[in-house]
Amino acid sequence: MSPHSRFLLPSVIFTLGLTFCTFALSQSSDYPSKPIKFVVPAGAGGAADMLARVLAERMGQSMKTTIVVENKGGAGGVIGADAVAKAAPDGYTLLVTANTLVIAPSLFKTPYKTQSDLMPIGLIATSPNILAVSAESRINSLAELIALAKKTPGEVTYGSPAVGSAAHLTVEMLNRAGGVQMTHIPFRGPQQAIMETISGRIPLTIAGVSNLLPHFASGKLIPLAVTGAIRSPLAPNIPTFAELGFKQVNVTLWFGMFAPAGTPVSVVERLNSQINFALKNPNTVAHLATLGFEPALSSSKELAEIVQKEEPTFAAIIKAANIKVD
């Protein structure tokens, strides 16, 4: 090595680093320069799809670009999430998904790792789940339900939208917290489970607030408890599980946006600010409320912390309850 090589090597490294930073900045300073794609890992018409389309319109206007929504369902959201994880990390292919993202690794063999292959951008909205009983069940409170479940182990059945859904896991948490064993009956979506409950064929169900509120108003269903740290502004008269003595039962359905790992921080920050800007729009807030969602302003870091906390929490519930997808 020449006498000057020890000075030359750091200089080369510095120059390469500066060139890379300049390239990264140039890539993000004119972002977006082409259409952006939101990948929804579920079918059209679902909750994530509706939110993606609301955001696509609002963010497309403020970012002066076209945002298209592509539905790529299958395998509990794994197919769509994997497509984004493997996409170029340039901010043009993004994932709009629910917290099924952090549930899926415990139910399926995922070809990606949630916390290392996907970069959180920010939360979009939350939607509480409500535990409700048929008006014919003669159950009027969560305490009465727990008492009945203790008296008749395994005989009390409940319907949920799907195996491994946030709704399903909420009742499994309640089983453990209450020392009971209610039997799960999965359906294809919330509406089927709700109609089976209204008919009296099953005594209770758990589903999103927007799906249940009309049936509370008609008196066909009786709400027992709602998920969340505080009461939902969409259903302020319904107590939380925590208020009723079950602090452990706190699964709230959330929706967020993710990018492929390696996406420039400046692009992630721009997208996060655009999400929050859209969610502060009164028209967006009103629109989300009609769909049963509450806007969720957040930072990328806050969403990352939620993912880090919930993935092992759900894994433990799924293992303890021996939940498997056929």
Side-chain angles (χ1 to χ4, degrees), residues 24 27-28 31-32 35-43 46-49 51-53 55-56 59 63 67-127 164-166 169 251-276 278-279 296-315 318 325:
Q27 288 290 94
S28 58
Y31 174 83
I36 296 170
K37 179 169 65 178
F38 288 171
V39 175
V40 176
D49 178 68
L51 285 171
R53 294 181 190 279
L55 269 190
M59 291 174 65
M63 298 177 78
I67 300 178
V68 297
V69 176
E70 178 182 324
N71 297 94
K72 195 178 283 291
V78 172
I79 293 173
D82 186 49
V84 175
K86 289 180 169 57
D90 54 11
Y92 291 99
T93 304
L94 307 170
L95 179 70
V96 176
T97 186
N99 52 352
T100 48
L101 180 72
V102 294
I103 296 172
S106 297
L107 295 173
F108 305 94
K109 186 176 181 180
T110 58
Y112 57 86
K113 293 189 181 299
T114 308
Q115 297 186 45
S116 59
D117 295 336
L118 290 166
M119 179 177 290
I121 295 174
L123 286 169
I124 299 170
T126 59
S127 181
S165 62
L169 298 184
V251 179
T252 297
L253 183 62
W254 56 256
F255 300 83
M257 186 181 292
F258 296 78
T263 300
V265 173
S266 56
V267 170
V268 171
E269 290 176 345
R270 174 114 198 262
L271 287 165
N272 177 268
S273 68
Q274 288 294 319
I275 293 172
N276 290 334
L279 294 177
L297 304 177
S298 76
S299 66
S300 172
K301 181 181 178 182
E302 287 170 329
L303 178 52
E305 290 172 348
I306 291 171
V307 171
Q308 290 166 5
K309 177 184 177 183
E310 288 196 359
E311 192 165 12
T313 298
F314 287 136
I318 289 168
V325 177

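The nearest pair of heavy atoms linking P35 to Y92 is O-CD2, 3.4 Å. Here the shortest heavy-atom pairing between V307 and P312 reads O-CD, 4.4 Å. Considering all non-hydrogen atoms of both residues, A52 and V40 come closest at CB-CG2, 3.6 Å. In terms of heavy-atom proximity, F255 sits nearest to A48 at CE2-N, 3.7 Å.
Every residue meeting the side chain to side chain contact (heavy atoms under 4.5 Å, CB included) condition with E269, not counting sequence neighbours, appears here in chain and number order: V265. Partners of S299 by side chain to side chain contact (heavy atoms under 4.5 Å, CB included), not counting sequence neighbours, listed by chain and number: K301, E302. Under the ring pair (Phe, Tyr, Trp, His ring centres under 6.0 Å) criterion, F258 pairs with no residue at all, not counting sequence neighbours. Partners of D49 under the salt bridge (charged side-chain N to carboxylate O under 4.0 Å, His left out) rule, at least two apart in sequence or in another chain, are R53. Remark: E70 pairs with K37, K72 by the salt bridge (charged side-chain N to carboxylate O under 4.0 Å, His left out) rule, at least two apart or across chains.
For the pair Q274/M257, no side-chain contact is recorded, criterion being any heavy-atom separation below 4.5 Å from C-beta on. F38 is not listed as a side-chain neighbour of L51, based on a closest heavy-atom distance of 4.5 Å or more. At a threshold of 4.5 Å between non-hydrogen side-chain atoms, the residues V96 and L55 do not count as touching.
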Full working for side-chain contact (heavy atoms from CB on, under 4.5 Å) between M63 and L271 = CA-CA 9 Å; M63 298 177 78; L271 287 165; 4.1 Å; yes
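Considering CD1 of I275 and CG of L297, their distance stands at 10.5 Å, rounded to 0.5 Å. Atoms CG and CG, from L303 and N99 in turn, are 10.5 Å apart once rounded to the nearest 0.5 Å.
Checking V39, I36, T263 one by one against T93, the side chain to side chain contact (heavy atoms under 4.5 Å, CB included) holds for a single residue, V39.
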Which donor-acceptor pairs under 3.5 Å do the side chains of residues 103-126 make with protein atoms, sequence neighbours left out?
from: T110; atom 1: OG1; to: Y112; atom 2: O; distance (Å): 2.9
from: Q115; atom 1: NE2; to: E311; atom 2: OE1; distance (Å): 3.0
from: D117; atom 1: OD2; to: K113; atom 2: N; distance (Å): 2.8

Which atom pairs, donor and acceptor, lie under 3.5 Å between side-chain atoms of residues 73-88 and protein residues at least two apart or in another chain?
from: D82; atom 1: OD1; to: K86; atom 2: NZ; distance (Å): 2.5
from: D82; atom 1: OD2; to: K86; atom 2: NZ; distance (Å): 3.3

